[in-house]
Amino acid sequence: MSYNFKEIEEKWQNTWIDTKAFRAQADPNRKKYYLLEMFPYPSGKIHMGHVRNYTIGDVASRFKLLQGYNVMHPMGFDAFGQPAENAAIKNQTKPDIWTHRCIKEMETELKKMGFSYDWEREFSTCDSDYYKWNQWIFLKMFERGLAYKKASAVNWCSSCQTTLANEEVVDGGCWRCHTKVEQKDLEQWYLKITEYKERLLEDLGLLKQWPERVLAMQNNWIGKSSGVDIYFRLKNSDKIIPVFTTRVDTIFGATYIVLAPEHPLVKELIKGKSEEKDVLHFIEKVSKESKLVRTSSDVKKEGVFTGAFAVNPVNNEEVPVWIADYVLMEYGTGAIMAVPTHDQRDFLFAQEHKLPMRVVITPKERGIKIEELTQAYEGDGVQVNSGEFNGLSSLEAKEKISLWMEKKSIGKIQTHWRLRDWLISRQRYWGTPIPIIYCSKCGIVPVAYKDLPVELPVEAPFTGDGGNPLGKINEFIRVNCPKCSGSGRRETDTMATFFDSSWYFLRFCSPKYAVAAFDVQEAKYWMRVDQYIGGIEHAILHLLYSRFFTKFFQDLKMVDFGEPFEKLLTQGMVLKDGEVMSKSKGNTVDPDSMIKDYGADALRLFILFAAPPETELEWDQRGLEGAFKFLNRVWRIQENLKSKADDALLRIMHKTIKKVSDDFNEFKFNTAIASLMELTNAIYQMGADKEIFSRLVIMLSPIVPHFSEELWQILGNKESIFEATWPKYDPKLLIEENVELVIQVNGKVRSKVQVSRNISEDALKELVLKDEKLAVWLETKQPKKFIIVPQKLVNIVI
RNA sequence: GCCGAAGUGGUGGAAUGGCAUACACGUCGGUCUCAAAAACCGAUGAGGGCAACCUCGUAAGGGUUCAACUCCCUUCUUCGGCACCA
């Protein structure tokens with residue numbers, strides 16, 4: 001007979017909700033612990049990824065609770081976004097109604113897993129008393145010039161009918177639907193995240209408890225690159241063409257320069273020249289290529305001569321000006337100097353088009369002959385052909401040439417960044433309306449703070465024929481200008497949903513607060529988030545935006561820190577047959593049916609035991625059955641309790657307490673469970689008493705809370721197990737009187753011996769030399785040396 | 001190309017420089033049973049040996065060390081991020 005998980009789980013889930021067991025209240029006298037998992041989009045159904053993410057968080061949260069921390073563990077919903085609109089079109093319902101129904105279903109699913117949330121803090125980002133503060137933040141940014149509108153080529157997803165941020169373009173496709181992203185010229189709203197680029201980069205150094213790879217990804221994304229802008233002058237003109245380089249040490253080897261086809265100077269350069277026709281033709285051709293094709297590295301580099309020449313400012317040499325598809329307008333200055341001998345791309349291009357080369361750096365141990373070059377030499381070396389810098393090491397030259405150029409005003413030390421401003425406007429209905437009014441007289445006018453929120457109209461025409469439904473609602477659009485009271489028109493774009501999730505962790509500190517985005521005092525107590533848990537897919541997007549917003553709040557003096565998340569854990573994906581579980585692959589396992597068959601506790605146990613939290617987890621149905629079997633094994637212990645257990649078991653238990661406590665602190669749940677299993681096996685060998693069993697149950701409770709609550713009650717306790725204290729171990733009981741020593745000969749184990757832990761070295765040597773098993777090894781050879789590691793091993797070197 | 005993570009039995013995975021493969025799954029054997037299931041007990045890296053034991057073994061090769069899955073160097077493979085980035 002197995003234990004009645006169905007009845008037990010339902011009973012405790014209701015109890016926890018009825019008694020508000022996990023309500024958190026600020027208390028300056030208690031040490032706080034803010035544990036947060038990335039809140040879900042309410043699709044209605046939870047999947048195994050959610051189960052894993054939230055189970056990891058729940059164990060940590062309950063463990064901290066048992067350790068006496070004042071734990072806040074909130075949950076809410078990231079409820080704006082496109083699926084609601086798609087559903088509205090498909091099912092003839094309203095996004096609002098559809099979303100709220102999904103939220104209800106999702107809450108039920110989460111409750112069935114027995115997660116310890118403070119449900120009183122729950123909110124959804126589609127609540128107007130939440131998104132009101134999105135608008136407030138936007139206006140604050142607008143005031144400071146951090147929210148602005150500009151016309152530019154933007155990423156456009158034709159399937160989603162909306163613009164996308166750079167961060168939302170993955171492999172040239174839309175992050176949501178993978179449709180190929182097009183470029184479109186539009187006037188759009190941006191947030192000036194680039195204003196914070198230095199701080200965003202620098203403060204990565206503060207994030208000591210973030211995974212390396214997330215830091216590396218953010219570092220790459222921000223993409224700082226230091227070098228020099230060098231000013232080439234156009235021959236017979238006073239026009240300057242700045243080029244950017246990180247290899248200023250190679251400037252004397254620049255034999256031509258290359259502009260991007262879109263470079264604004266190109267048209268002027270070619271005017272009236274014989275090359276004009278060819279160049280225009282080339283530009284036309286390149287403009288038709290998609291960005292993806294153009295930037296793929298295996299395509300041959302193409303280019304044409306413009307007929308113009310520029311002057312290298314370091315030696316007044318005239319060099320030809322080319323244009324080529326491999327130079328991009330959006331990076332650096334849109335123009336490069338080409339040094340074929342020391343840059344592989346330039347080398348290939350120069351070979352192809354028979355352009356001159358000159359060596360300016362040679363490796364220390366040999367010279368370089370141009371005729372013998374088969375590829376560019378990109379390493380360090382000694383300067384040659386470099387005027388007054390000859391003989392210097394290239395590293396030294398880099399610095400000296402930079403300073404020299406600045407002094408002579410022919411260049412400027414410059415830093416270029418990959419990070420671009422964040423495009424936040426979306427041509428969609430189901431999102432936060434951007435609080436802006438267009439007035440024919442006053443131009444762009446922000447909505448007054450007192451008029452917030454700009455409510456999203458619940459009734460909207462969903463026809464499915466594209467376009468933003470907000471544009472068709474006259475009551476919404478028509479509004480008086482806050483400045484001149486003349487007739488104005490509302491912005492119909494809404495905010496990207498990543499805006500919503502960039503500060504929700506602050507809102508959880510005071511979710512009902514009506515006078516500001518969050519209560520500064522509450523935030524002071526609860527923030528920062530001590531432990532944040534979520535998927536690696538947010539390594540750049542959400543985590544970068546949240547860091548940006550936090551720094552903005554720091555500048556508003558609403559918080560006194562610049563980083564929101566102290567410690568970050570990115571949990572691995574759940575796989576089935578080696579592939580990521582996904583609806584499109586049809587290899588999903590439904591958590592609900594697993595709960596039905598084995599209970600939420602068994603599911604939680606399996607998912608924690610099968611792999612460490614950050615690695616991928618292979619779904620194994622038999623592993624789940626194994627977890628269920630283990631629970632039944634523990635359950636049966638209570639039927640056979642002894643009045644007094646052996647001392648040997650007591651020792652094992654204290655060791656287990658130490659191991660499990662240490663492991664829980666480091667999120668090593670799989671090994672914590674392994675040692676709880678070992679303790680259980682020992683109990684089967686020796687028989688436990690009530691005391692020992694009670695402690696086993698407490699240690700299990702973060703992992704399998706319903707199961708443990710029930711056993712706790714059966715053991716005669718009136719209070720919830722989560723009012724109990726985490727067991728402590730007695731260090732004295734960890735010390736064994738007799739220890740087993742491993743005896744090695746030349747590092748190989750040859751024997752083992754039981755000795756008192758305080759045995760003297762001499763006594764030990766004597767004992768070892770008498771050991772029968774070692775006789776074979778020692779009879780012909782003399783021991784040279786004894787290595788003794790107390791209480792562990794003896795190594796005899798012969 | 002640059003940056004990051006990883007590579008251990010049939011499988012998931014353990015090992016502050018100190019007994020490689022804990023714990024579990026699977027498989028095999030046993031107990032109980034008329035029988036089966038459940039439960040309980042045991043075996044289980046490869047090769048050799050009746051056995052005691054021996055040899056090999058943590059992607060490959062080298063090094064440091066009394067001792068290396070662990071530290072260092074070189075290489076290979078897989079996964080992830082960035083990238084005609086100048």
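All heavy atoms count here, side chains included; hydrogens, waters and symmetry mates do not. Just so it is clear: chains get the letters A, B, ... in the order the sequence lines come, proteins before strands, and each one is counted from 1.
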Round to a whole Å and report the spacing from NE2 of A:His342 to P of B:G1. 20 Å

Measure OH/A:Tyr3 against C1'/B:A38 and give the value in whole Å, please. 16 Å

Does a side chain donor of either A:Glu302 or A:Tyr326 reach within less than 3.5 Å of an acceptor in the other side chain? no

note: A:Phe669, atom CZ; B:G13, atom P; distance rounded to Å ~ 17 Å

Suppose we call a contact any N or O donor and acceptor under 3.5 Å apart; does that hold for the side chain of A:Lys784 and the base of B:C66? no

How are the rings of A:His538 and A:Phe498 set relative to one another: parallel (under 30°), tilted (30 to 60°) or perpendicular (over 60°)? perpendicular

May I ask you to check whether A:Gln183 and A:Asn155 show a side-chain donor-acceptor distance below 3.5 Å? yes

On the side chain of A:Lys792, is there an atom forming a donor-acceptor pair with the base of B:U16 - under 3.5 Å, no angle test? yes

Would you indicate what A:Pro211 reaches in the nucleic acid, counting non-hydrogen atoms under 4.0 angstrom: base, sugar-phosphate, or nothing? nothing

Relative to each other, are the rings of A:His353 and A:Phe349 parallel, tilted or perpendicular (30° and 60° limits)? tilted

From B:C40, B:C82, B:A22, nucleotide with atom closest to A:Tyr684 side chain: B:C40

Respond yes when some side-chain nitrogen or oxygen of A:Asn670 is under 4.0 Å from OP1 or OP2 of B:A14, and no when none is. yes

List for me each residue that meets side-chain contact (heavy atoms from CB on, under 4.5 Å) alongside A:Asn681, sequence neighbours excluded, and say none if there are none. A:Arg633

Nearest whole angstrom, please: distance from the C1' of B:A22 to the NZ of A:Lys659. 9 Å

Relative to each other, are the rings of A:Trp422 and A:Phe548 parallel, tilted or perpendicular (30° and 60° limits)? perpendicular

Nearest-Å distance for atom pair CZ/P, residues A:Arg418 and B:C2: 18 Å

Per A:Lys785 side chain, nearest of listed nucleotides B:A86, B:G18, B:C66: B:C66

Test item: side-chain donor near acceptor, A:Trp210 and A:Gln218, under 3.5 Å: no

Between the protein and nucleotides 55-57 of chain B, are there any N/O to N/O pairs under 3.5 Å, and if so, what are the atom names and distances?
unit_1, atom_1, unit_2, atom_2, d
B:U55, OP2, A:Arg750, NH1, 3.1

Do A:Ser2 and A:Asn632 have a side chain donor and acceptor closer than 3.5 Å? no

Using Watson-Crick and G-U wobble pairs whose two distances are both under 3.5 Å, how do you write the pairing of RNA chain B as dot-bracket, with | for links to another strand? (((((((..(((.....[....)))((((((.......))))))((((....))))..(((((..]....))))))))))))....

Considering only side-chain heavy atoms of A:Val749, which listed nucleotide, B:C84, B:A15, B:C19, is closest? B:C19

Result block: side-chain N/O donor-acceptor pairs under 3.5 angstrom for residues 788-798 of chain A, not counting sequence neighbours:
unit_1, atom_1, unit_2, atom_2, d
A:Asn795, OD1, A:Asn746, N, 3.4
A:Asn795, OD1, A:Gly747, N, 2.9

Below the 4.0 Å mark, does B:A38 have OP1 or OP2 next to a side-chain nitrogen or oxygen of A:Ser2? no

Check the distance between B:C66's P and A:Ile788's CD1 and give it to me in whole angstrom. 16 Å

Distance check needed: B:G18 P versus A:Glu740 CD, whole Å only. 17 Å

Tell me if B:G26 is syn or anti. Syn = glycosidic torsion within 90° of 0, anti otherwise. anti

For the residue pair A:His342 and A:Tyr377, does the interplanar ring angle fall in the parallel (under 30°), tilted (30 to 60°) or perpendicular (over 60°) class? perpendicular

N/O contacts under 3.5 Å, protein versus nucleotides 24-30 of chain B?
unit_1, atom_1, unit_2, atom_2, d
B:A24, OP1, A:Asn681, ND2, 3.1

Nearest-Å distance for atom pair OH/P, residues A:Tyr331 and B:C82: 15 Å

Among the nucleotides B:C40, B:G18, B:G13, which one has an atom lying closest to any side-chain atom of A:Arg636? B:C40

Taking the six-membered ring for Trp, are A:Tyr331 and A:Trp417 ring centroids under 6.0 Å apart? no

Nucleotide by nucleotide, nucleotides 69-81 of chain B touches protein heavy atoms under 4.0 Å in the pattern (B base, S sugar-phosphate only, - none) ------------B

Plane angle bin for A:Tyr3 and A:Phe628 - parallel if under 30°, tilted between 30 and 60°, otherwise perpendicular: tilted

Rounded to whole angstrom, note down the C1' distance from B:C2 over to B:C85. 11 Å

